[in-house]
2 protein chains.
Amino acid sequence: METTPTTKRKPTIRDVAAAAGVSRGTVSRVINGGHWVSPDAKAAVDQAIKTTGYHANAAARSLATGRSNSVAFLLTEPQHLLFADPTFSLLLRGAAQELAQRHMTLVLLVAGTPEEHINVAQYLGAGHVDGVLLISSHESDPLLESLLSTGVPTVACGIPLGHASDIPTVSVDEIASARTATRHLVERGNQRIGMITGPADTPGGRYRLVGFRDELGDSFDPNLVEPGDYSMASGASAMAALLERAPDIDAVFAASDSMAAGAVGVLRKAGKRIPEDVSVIGFDDSGLALTVEPPLTTMRQPFEQISAEMVGLLLHVIEGGTSKSVTLPTSLVVRDST
Amino acid sequence: METTPTTKRKPTIRDVAAAAGVSRGTVSRVINGGHWVSPDAKAAVDQAIKTTGYHANAAARSLATGRSNSVAFLLTEPQHLLFADPTFSLLLRGAAQELAQRHMTLVLLVAGTPEEHINVAQYLGAGHVDGVLLISSHESDPLLESLLSTGVPTVACGIPLGHASDIPTVSVDEIASARTATRHLVERGNQRIGMITGPADTPGGRYRLVGFRDELGDSFDPNLVEPGDYSMASGASAMAALLERAPDIDAVFAASDSMAAGAVGVLRKAGKRIPEDVSVIGFDDSGLALTVEPPLTTMRQPFEQISAEMVGLLLHVIEGGTSKSVTLPTSLVVRDST
DNA sequence: GTCAAAACTGTGACCGGTCACAGTTCTATC
DNA sequence: GATAGAACTGTGACCGGTCACAGTTTTGAC
C-alpha cells in the first residue's frame, strides 16, 4: 500500500479564517448561525468554507461546548423479543431520521446481558450522549434507576411502571386502546372473548388487560386470560392453553401482533376457521399483521409519531425545558381476522 | 426547577492525578493499558479513579487521538424494504454487540432520500466516524462512490456490484446457495421450477438467479423467472404472474423469505396446496420463515457471523491492516413448504 | 459635532485528554 | 564503581473548536 497523495491534513477553522481573511471567531460565528457578522465577512467565510472543503470537527466542538450532539437509543429487551418484534425497527428508523434533520446522531445501545447492562450504565454515566431514548423498559429495570440517578435527560417509550411521574414519556392510551379492541369484538357478536396478555411488568402487559376487563365488565372471565411475552411462540402456547380450558372460545385479543400470529397458527391447526369460528385481534399493526392469513385486524400504534414526539421531547429537555409527557391515540384497523 | 445539589463538576484526569498523587501522564498510561507504570502508581490511580468516579471524556480523547471510537451503520435501502425485511435488524444488533465488546459505539445512519444522502456523505466526509459498515448497497450507489473517494474505511455486506475489488466485503456464496436451494427442489422431484428474483442491481438479485440457472442447466426456462424487490407484496404479484404464465408450475424459489411469504399467500388463494401442489423455498431464514403457514424451507444466512466478521474486518482496516474479503456459507433449512 | 449604543471583529484562555520528550531512578554488567 | 540501558515519571505543547471580553467601527439622536 503506497501512501496516497491525499495525505493533506483536514482543513481547520484556522485555515478557513486565513482563506477568508478574518479571525477564527468570525468563522465560528458564521458557522453557528451567522449572527453579528457583516454580510461581507459572511460571504467571504462561506466562500472559504467551500474552497477549503471545511467541516467542523465534532470532537473539538463537543469538548468546547460540553455537548455531544448525539443521543442514545437504548434497548433493554431480552434478545428474543427484539428481532421477533418488528416494532422497534420502526421506532429506530423514525428516531434516526428525526434526529438527522436536527443534525444530531443516534447511537444504538443494547443492554441485553447483565454485562452489557453495566457497560451501558458506565457509558451513559460518562456523559457521552446528551440524552437517552429509552425503549420499552420493564418494571424495576435497574438501568432506569441509574439513569435517573445520573441525571441524563431521558424520554421513555411507554410509561415505565413505578416511575410514571419521574420521567417524561411518550405512550399510547393503553386502556382506551384495549377497550376499543374489545368493544370491536363484542360488537361483532362474540360472547366468549379471551385475551393473551403481555408480561405483567410492562405497561402494555398490564394496562391492556385492564382495558379488556373494564370493557367486558360483568362478562369478564378470568379463566379466559393467558399471559404471553409478546413473542409468536408465546402467543401460540397461550392460545393452546386457552383452547384447552375453553373450547367454546369465539374470539381472542392478543396484546401484540406477534402473539396474534402465533394464536392464528394454533387455531388453524385446531381446525378453527378465522373469523367464522374464532375472531382474532392483535395490537401494533406491525408489518407482521399483513403476513398472517387472514390479515390481522389490529390496533395500530402510530410509531412514526411516537418516535418523532420522543425526539422532540428529549431535545426539549436537553435544552433545559420542562418535561412533560405525551399520549398518542391508536386506531382500529379492521382486516379479515374479525 | 430548582438547581440540584449534583452540580459538582465531572472529575477530570487532573482530579484523578491529584487524588493519586501522580501526574496526568501516569494516569493516562494507566487508563490505556497500564504499561510502564509501577505497580504502586497503578494501584493508586485505580483507587483514585474509583473514589472520584472518573470516566474519560470521549470528546477530549477523540480530539487528541484523532479517532472517534465509533463506526457508522449505513443503510441505503429505500424505506419500504427496511421494515418489511427483518434481516437488517439482525445485522444491526449483531454489529452493535460486537462493537460494544470492543468499547466502540455504533451510530445509525439512514440514507433514504436524496437529501439524507448528501447529509450522510457530508457527515462521513467530515471524519466523524472511524469506519463504515455498509449495508446492502445497490449498483451505482452514489454514496459508495463518495465513500471510496473520501477514503473512510468501509466494509460492505454483500458484494457491491461493480466494485468487487475496491472494497472489503462480507458475503455469502450467492451462487452456491442458490444452487443448493434449486437442487433441493429438483431432488424433491419437481419439474417445473420457477424463480422470483431480487432486483437485478443487487448481488442477491443477480447471483441467486445465476445459481438457479446453472443448477437447472438445460431444463432452465426463462419464462419461469419473475423479478421482485424482496418485499412481500412484490413476491405476491410475481407469483401471480408466474401462475398465469405457467399454471403447471410445481415449485418456486424466492430470493427472500418475504417474497416467499407473499408467494405462499397467492398460491393458497389459487387453491394450491403447499407443498403437495407447489413447493416453495425462500432465502434468509428470517423470523418471517416461521410465521408463514406452512413454515418455510429456506436458505439460512448466518447473520450473527456476518455482522461479527464485518466488524472484525472493519476494525482491522481501521488499524491499518490490509483489507480482504470473507465469504460465509449458508445452510439449507428444511421445513414444511417443500 | 458629540456621544452613546449597536454592530461587528479579533484575541487569549479554556475544554480534557494524549503524546513526545526530557528527566529521574533502578538494575545489571564488566 | 562506572556506565549503559531499562523502567518509570512529569511537563509542556497540541488537538480544533467556543466563548467572554476587549477593541474598533458604524449608526443615529440630540
Side-chain angles (χ1 to χ4, degrees), chain A residues 7-46 48-49 52-70 103-104 122-123 125-130, chain B residues 7-46 48-49 52-70 103 123 125-130:
Chain A
T7 321
K8 225 186 296 171
R9 217 184 75 267
K10 282 233 169 69
T12 75
I13 202 171
R14 281 152 165 101
D15 299 327
V16 176
V22 299
S23 71
R24 292 156 19 232
T26 300
V27 176
S28 180
R29 267 166 235 132
V30 170
I31 296 171
N32 300 294
H35 300 301
W36 277 7
V37 326
S38 66
D40 284 3
K42 176 158 165 40
V45 170
D46 282 339
I49 287 178
T52 54
Y54 169 78
H55 287 292
N57 178 314
R61 177 174 283 167
S62 291
L63 181 56
T65 60
R67 287 197 33 180
S68 69
N69 286 308
S70 68
H103 297 281
M104 300 192 65
Q122 267 202 356
Y123 183 83
H128 292 333
V129 292
D130 296 334
Chain B
T7 320
K8 224 186 296 171
R9 216 183 76 268
K10 282 229 167 73
T12 75
I13 201 171
R14 282 154 165 99
D15 299 328
V16 176
V22 299
S23 71
R24 291 154 21 232
T26 300
V27 176
S28 181
R29 267 166 235 130
V30 170
I31 296 170
N32 301 294
H35 300 301
W36 277 7
V37 327
S38 67
D40 284 3
K42 176 158 165 39
V45 170
D46 283 338
I49 287 178
T52 55
Y54 169 78
H55 289 291
N57 177 316
R61 176 173 284 169
S62 291
L63 182 56
T65 60
R67 286 197 33 178
S68 70
N69 286 309
S70 68
H103 297 282
Y123 183 82
H128 291 334
V129 292
D130 295 334

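Protein chains get the first letters and strands the later ones, always in sequence-line order, with residue 1 at the start of each.
- Comparing C:dG16, C:dC8, C:dC19 by their nearest atom to the side chain of B:Ala60 picks out C:dG16.
- Closest approach to the B:Val37 side chain among D:dT9, D:dG16, C:dG16 is made by D:dT9 (side chain taken as heavy atoms from C-beta onward).
- Note on B:Ser38: a side-chain N or O is less than 4.0 Å away from OP1 or OP2 of D:dT9.
- The heavy-atom pair separating A:Met104 from A:Asp130 by the smallest distance is CE-OD2, 3.9 Å.
- Within 4.0 Å (heavy atoms only), B:Ala59 reaches no atom of the nucleic acid at all.
- The side chain of A:Ser28 contributes an N or O atom lying less than 4.0 Å from OP1 or OP2 of D:dT18.
- Here B:Thr26 reaches the OP1 or OP2 of D:dG10: one of its side-chain N or O atoms lies under 4.0 Å away.
- Rounded to whole angstrom, the span from the CD1 atom of B:Ile31 across to the P atom of C:dC19 amounts to 12 Å.
- At a threshold of 4.5 Å between non-hydrogen side-chain atoms, the residues A:Val22 and A:Val27 count as touching.
- Here the shortest heavy-atom pairing between B:His128 and B:Ser70 reads O-OG, 3.8 Å.
- Per the geometry, CZ belonging to A:Arg14 stands 9 Å off C1' belonging to D:dC15, to the nearest Å.
- If you check C:dG10, C:dG16, D:dT18 against the side chain of A:Val22, the one that comes closest is C:dG10.
- Considering every non-hydrogen atom in both A:Val37 and A:Lys42, the closest pair reads CG2-CB, 3.6 Å.
- The nearest pair of heavy atoms linking A:Lys10 to A:Asp15 is O-OD2, 4.1 Å.
- Rounded to an integer number of Å, the gap from NE2 of B:His35 to P of C:dC19 is 13 Å.
- Across all strands shown, B:Ala41 has heavy atoms under 4.0 Å from sugar-phosphate atoms exclusively, and none from any base.
- If you measure from atom NE2 of A:His128 to atom C1' of C:dG17, you get 12 Å, rounded to the nearest angstrom.
- Distances shorter than 4.0 Å separate some side-chain N or O of B:Asn32 from OP1 or OP2 on C:dT18.
- A donor-acceptor contact under 3.5 Å links the side chain of A:Arg24 to the base of D:dT18.
- Spacing between atom NZ of A:Lys42 and atom P of C:dA7 amounts to 17 Å, rounded to whole angstrom units.
- Counting to the nearest Å, the P atom of D:dG23 and the CH2 atom of A:Trp36 are 17 Å from each other.
- With rounding to whole Å, A:Asp40 atom CG is found 16 Å from D:dT25 atom P.
- Close to C:dC15, at under 4.0 Å from its OP1 or OP2, lies no side-chain N or O of B:Thr12.
- Contact annotation: B:Ser23 does not reach the phosphate of D:dT11 (side-chain N/O to OP1 or OP2, under 4.0 Å).
- Of the residues near DNA chain C, B:Arg29 and B:Leu63, the one whose nearest nucleotide (by heavy atom distance) lies more toward the 5' end is B:Leu63.
- Comparing B:Pro39 and A:His55 by the nucleotide of DNA chain D that holds the closest heavy atom to each, the one mapping nearer the 5' end is B:Pro39.
- The distance between atom CD1 of A:Ile13 and atom C1' of C:dG10, rounded to the nearest whole Å, is 13 Å.
- Taking all atoms of both residues into account, the shortest heavy-atom contact from A:Ile13 to A:Arg24 is CD1-O, 4.0 Å.
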